[in-house]
Amino acid sequence: MPQDEELPVSPSGRDPRAERETRGNNASGAGEQASLLADVFKELLAHGMELYGRLSSDEGAVDDFGFDPALVDEALLPALRPLYEKYFRVEVSGLEHIPADGAALVVANHSGTLPLDALMLQLAIRDHHTAHRNLRLLAADLAFSYPVVRDLVRKLGHVRACPENAMRLLGTGALVGVMPEGYRGLGKPFEDRYRLQRFGRGGFAAAALRTGCPMVPCSIVGAEEIYPMIGESRTLARLLRLPYFPITPTFPLLGALGLVPMPTKWTIRFHAPVGTDTFPADAADDARVVEKLAGEVKDTIQHALNETLERRDSLFF
C-alpha cells in the first residue's frame with residue numbers, strides 16, 4: 001500500500017502553503033491600504049485645489065471687497081473651530097450687548113504676535129450670537145500684501161483698515177470689528193502684556209459718530225501668552241518688510257515647531273455699548289469729543305482686562 005507523500009516542512013515548522021497564503025493576504029492588504037491612502041491623498045489634493053480656486057477668484061463674493069459667506073461657513077470657520085473649542089477652550093460672555101441687526105462697531109484689544117485673536121473673535125460671534133452675525137474686521141495693509149493671505153483675508157470678509165471702508169460697511173448696517181492698537185498691541189513685548197497701547201487717533205470713534213452706531217468694547221484674555229515675545233530682530237524685520245520679527249522661547253530656535261501656540265485658555269467678554277446717536281451731527285469733527293469717546297472705550301477694555309486677570313487662576317485652566 002503506497003505511503004502518503006510527505007510535504008516539505010518550512011524552517012518555521014508551518015505548512016508552506018499556509019505561509020504563501022498569509023504572505024499573499026498581507027501583500028493584498030498592504031496594497032489595499034496603499035490604494036486607500038492614495039485615494040485619500042487625491043481627494044485632499046482635489047479639495048485643496050478647489051479651495052484655492054475659490055480663494056483666488058470672485059466666485060461666491062457678495063460684495064466688491066470679496067466677502068464669501070458661504071465659503072466662510074463651509075470651509076474656513078470649520079477649520080478654525082477645533083482651535084477655538086478644543087485648544088484654546090474659549091469662553092465667551094456678554095454677546096447680548098451686540099445688536100441682532102444694524103450697524104455696530106466691536107472694539108477689542110489686540111495681542112499675541114500673530115493675529116489669532118481676530119479670528120477667534122470672528123468665530124465667537126458667528127457661532128454663539130443669537131443672530132449668528134458675520135463680523136467684518138478692519139485689517140492692516142500687511143494682510144493684503146501676500147497673494148494667498150490676501151485672498152484668504154478677503155474671503156473671510158476682512159477689509160483694509162481705513163475710514164472710508166469703515167464708513168462703507170457701517171453704512172450698509174454691517175457689524176464691523178476694529179483692534180485700534182494695531183501692530184503696537186500685536187507685537188508688544190511679553191512684559192507689557194495686557195497693558196493697552198495707544199488707540200491711534202480715535203478714528204474708529206469718529207466713524208461711529210458719523211454713522212450714529214454703538215461701539216461695543218470687547219476684552220480678550222489668553223491671547224497674550226500664546227507666543228510670548230521676549231525680543232525682536234529689527235534687521236530681519238527690515239529685510240522681510242515686516243513691522244517686527246518676533247523672538248519667542250521657541251521661535252526661531254525650533255523652526256516651524258516654534259509656530260505652535262501655547263494652549264492657553266481664552267476668555268472673550270463683550271461689554272455695554274457706548275452710544276453715539278445722541279451727539280450732534282458735527283461731533284465727529286470735534287477732536288475733543290472723538291478723543292473722549294475713544295478714551296471711554298479704552299478705559300472700559302483695560303478695566304475689564306484687569307478684572308479678568310484678577311479672577312484667573314491659571315493660564316491653562
Side-chain angles (χ1 to χ4, degrees), residues 93-111 115 117-118 121 124-125 133 135-141 158-188 192-221 223-224 267-310:
S93 64
L95 282 163
E96 67 276 6
H97 295 305
I98 297 176
D101 53 43
L105 190 63
V106 175
V107 186
N109 59 302
H110 203 15
S111 64
D117 53 356
L121 177 61
I125 294 174
R133 299 195 67 178
L135 180 68
R136 308 294 300 274
L137 281 154
L138 302 178
D141 290 347
H158 304 178
V159 302
R160 195 182 299 271
C162 68
E164 295 77 17
N165 287 344
M167 293 288 292
R168 280 184 60 188
L169 288 174
L170 291 171
T172 64
L175 180 65
V176 178
V178 61
M179 294 174 156
E181 293 175 281
Y183 294 129
R184 292 182 298 274
L186 191 64
K188 65 175 173 283
D192 292 333
R193 60 193 179 279
Y194 299 115
R195 297 175 188 168
L196 291 182
Q197 305 300 297
R198 184 170 174 265
F199 267 30
R201 298 180 180 178
F204 67 92
L209 282 166
R210 288 194 168 92
T211 56
C213 75
M215 294 181 289
V216 182
C218 173
S219 57
I220 303 174
V221 168
E224 292 274 13
T267 300
I268 298 178
R269 297 171 60 197
F270 299 93
H271 309 282
V274 176
T276 63
D277 55 348
T278 60
F279 287 84
D282 60 349
D285 299 320
D286 188 331
R288 290 172 301 179
V289 174
V290 171
E291 184 179 353
K292 179 179 180 298
L293 279 175
E296 183 178 343
V297 172
K298 182 179 178 181
D299 289 345
T300 298
I301 296 172
Q302 185 65 73
H303 176 75
L305 291 174
N306 296 340
E307 188 179 64
T308 304
L309 289 170
E310 288 176 3

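Sequential numbering from 1 along the given sequence is applied to the chain's residues.
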| Intermediate values then yes/no, side-chain contact (heavy atoms from CB on, under 4.5 Å), L138 and F204 | CA-CA 10 Å; L138 302 178; F204 67 92; over 6 Å; no
| What is the minimum heavy-atom distance between A205 and L293, and which atoms define it? | CB-CB, 4.2 Å
| task | Supply the atom-to-atom distance C213 SG to L170 CG, rounded to the nearest 0.5 angstrom. | result | 4.5 Å
| Could you give the distance from CG (L196) to CG (N109), rounded to the nearest 0.5 Å? | 6.0 Å
| field | Minimal non-hydrogen separation, L305 against I220, with atom names | value | CD2-O, 3.6 Å
| Is any side-chain heavy atom of V107 less than 4.5 Å from a side-chain heavy atom of P217? | no
| query | Do R201 side-chain atoms and A287 backbone N/O form a donor-acceptor pair below 3.5 Å? | reply | no
| query | Is the closest side-chain heavy-atom distance between Y194 and T308 below 4.5 Å? | reply | no
| Heavy-atom closest contact (V289 atom, A283 atom, distance) | CB-O, 3.9 Å
| task | Return the minimal non-hydrogen interatomic distance between P273 and H97, and the atom names on each side. | result | CG-O, 3.5 Å
| said: On a heavy-atom basis, which atom in A208 and which in M215 lie closest, and how many Å separate them? | reply: CB-CG, 3.6 Å
| Whether R136 side chain and V159 backbone form a donor-acceptor pair below 3.5 Å | no
| message | Could you check whether D285 pairs with R210 (Lys NZ or Arg NE/NH1/NH2 to Asp/Glu carboxylate O, under 4.0 Å)? | response | yes
| field | Polar side-chain atom of E181 near backbone of Q197 as donor-acceptor pair, under 3.5 Å | value | yes
| Between S111 and R193, do the side chains contain an N or O donor and an N or O acceptor separated by less than 3.5 Å? | no
| field | N165 side-chain N/O to R160 backbone N/O, donor-acceptor pair under 3.5 Å | value | yes
| message | How close do V290 and A284 get, counting heavy atoms only, and between which atoms? | response | CG2-O, 3.5 Å
| query | Should K188 and E224 be marked as a side-chain contact (heavy atoms from CB on, under 4.5 Å) after you check the CA-CA gap, both sets of side-chain angles, and the distance that decides it? | reply | CA-CA 9 Å; K188 65 175 173 283; E224 292 274 13; 3.0 Å; yes
| said: Would E307 and R269 count as a salt bridge (charged side-chain N to carboxylate O under 4.0 Å, His left out) here? Give the steps. | reply: CA-CA 11 Å; E307 188 179 64; R269 297 171 60 197; 3.0 Å; yes
| Do Q302 and N306 have side-chain N/O donor and acceptor atoms under 3.5 Å apart? | yes
| request: With rounding to the nearest 0.5 Å, note down the distance linking CD in E291 to CZ in F199. | output: 13.5 Å
| said: I need the L186 CG to D117 CG distance, nearest 0.5 Å. | reply: 6.5 Å
| Under the side-chain contact (heavy atoms from CB on, under 4.5 Å) criterion, do V106 and L175 qualify, and how do the steps go? | CA-CA 7 Å; V106 175; L175 180 65; 3.8 Å; yes
| message | Donor-acceptor pair, distance only, cut-off 3.5 Å: does the side chain of T172 make one with the backbone of L169? | response | yes
| request: Apply side-chain contact (heavy atoms from CB on, under 4.5 Å) to L121 and L135, showing your working. | output: CA-CA 8 Å; L121 177 61; L135 180 68; 3.8 Å; yes
| If you round to the nearest 0.5 Å, how far is CG of L209 from CG of L105? | 10.5 Å
| Side-chain (S219) to main-chain (A304) donor-acceptor, under 3.5 angstrom | no
